There are 2 protein chains.
Amino acid sequence: MNAETDAPYRALERRAREAGIEGEDWVRFVENTRVRSIPKGALLVSAGEPVNDAWFCSEGLFRLFYPLPDGREYNVAFSTENDYVTSYGAMATGEPSAFSIEALEASTVVEIGRGVLRELMDRSHGWERFVRLAVERLYIRKEERERQLLYLPALERYEAFLRKYPGLDRRIPQYHIASYIGVSPVSLSRLLRSRRGR
Amino acid sequence: MNAETDAPYRALERRAREAGIEGEDWVRFVENTRVRSIPKGALLVSAGEPVNDAWFCSEGLFRLFYPLPDGREYNVAFSTENDYVTSYGAMATGEPSAFSIEALEASTVVEIGRGVLRELMDRSHGWERFVRLAVERLYIRKEERERQLLYLPALERYEAFLRKYPGLDRRIPQYHIASYIGVSPVSLSRLLRSRRGR
């Protein structure tokens, strides 16, 4: 590793250690993955296409969204610094991805090929654990979101968004937040005015 | 193991072998888990309560549902023979479960304590893999369901239900299917009449 590529691996290395990965197992990971810069507006994953990699976002911001038949887009999640970003189901099964992933800011990711990940998991209990914990995290978020959409009124969904993604409300246009909490941009503006008035 | 408890472990043992579990690792699992009979109508998990176990359903049928504030219930999944059944997020995090799990038929499960699962994963790469694959499966289903609710009209959601749970339409009341595909029981009856008329 050199100074330029070192930084993106730092947060990952901490997590890897927590899963019991060190020495040769870590070196092999670094040697078989690469750092990529993703320009703002680029698609990391396109709906309908297969997905051969997982990424760890070390800098920047992504949104995961379904393109709807009527032309609208439905945001299901965001990924920011020190978070995974991929279409996991598509990567695991080989099926085309149902959603797209777009960089909302110029971003830096560590790109991990599906074959590399499999090999690491075969060789090492630690990498198997690392992936188990990552998938667990993805799963728990889906459960959380399901619960929020079922139980919380729109304003509380907005508050939950602020807690889950601190500072993100200042980094993305409001219509992306509206699409995430499941209301129209107009309804969200109205909600936020009433919130400020409280 | 004896003849009575042997059967529930059989499908599990096959999956365990696929994940590379054998010998001592399998024996330890059998010795530290137990077979339980769950009467029809009993709750395996109650919304609002913590969850200390995962189960493998070897016989019978469960539904996972959110009790809604207006008194209705929203079915998110079913579990039948040779499938896992638990409130995984609650079990993994220690938080109370957001949903309940009810036996719709007299059922037989293998009960796996959370502490036992952790110990097995610590000792054995194979068990870590077993759990990683199980969580992956849960996650992929959630993605699938998300996609269906977004893209498919009600009748196609019903067809998807039939494909995913073969024969289940003859085992449960129609209103449970309606709640799962997200329409009222009246709308579902109407849909099914139009389907038969095609």
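Note that the structure is predicted; figures quoted are calculated from it, not measured. Sequence lines set the chain letters: A, B, ... in the order given, protein chains first and strands last, and positions in each chain run from 1.
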### Task
May I ask you to test the T33(A)-Y9(A) pair for a side-chain heavy-atom distance under 4.5 Å?
yes

### Identified ring-ring contact (aromatic ring centres under 6.0 Å, His included) partner of F29(B) from the options F130(B), W127(B), F56(B)
W127(B)

### Query
So what's closer than 4.5 Å to chain A heavy atoms on D70(B): side chain, backbone, both or neither?
neither

### Message
Does any backbone or side-chain atom of S124(A) lie under 4.5 Å from a heavy atom of chain B? Answer side chain, backbone, both or neither.
### Response
backbone

### Task
Could you give me the CA-CA distance, side-chain angles and deciding distance for W55(B) and F62(B), then say whether ring-ring contact (aromatic ring centres under 6.0 Å, His included) is met?
CA-CA 11 Å; W55(B) 298 272; F62(B) 294 89; 8.1 Å; no

### Query
Between K142(A), E144(A), R145(A), which shows the greatest number of heavy-atom pairs under 4.5 Å with chain B?
K142(A)

### Task
Decide yes or no for Y158(B) and L191(B): does some side-chain heavy atom of the first lie under 4.5 Å from some side-chain heavy atom of the second?
no

### Query
Under 6.0 Å from the CZ atom of R36(A), do we count more than 12 heavy atoms belonging to anything else shown?
yes

### Summary
Counting heavy-atom pairs under 4.5 Å with chain B, the top scorer among P69(A), A90(A), P67(A) is P67(A)

### Message
Report which part of F99(A) has an atom under 4.5 Å of a heavy atom belonging to chain B: side chain, backbone, both, or neither.
### Response
side chain

### Query
With only heavy atoms counted, which part of Y66(B) is less than 4.5 Å from chain A, the side chain, the backbone, both or neither?
both

### Message
Which atoms of I140(A) are under 4.5 Å from chain B, going by heavy atoms: the side chain, the backbone, both sets, or neither?
### Response
side chain

### Task
Select, from R141(B), R147(B), R129(B), the one with the greatest count of heavy-atom pairs under 4.5 Å involving chain A.
R129(B)

## Note on the structure
Ranking L133(B), L138(B), T93(B), V131(B) by heavy-atom pairs under 4.5 Å to chain A gives rank one to L138(B)

### More than 12 heavy atoms from other groups under 6.0 Å of CZ on R171(A)
yes

### Task
Kindly compute the distance separating CD (E111(A)) from CG (N32(A)), expressed to the nearest 0.5 Å.
12.5 Å

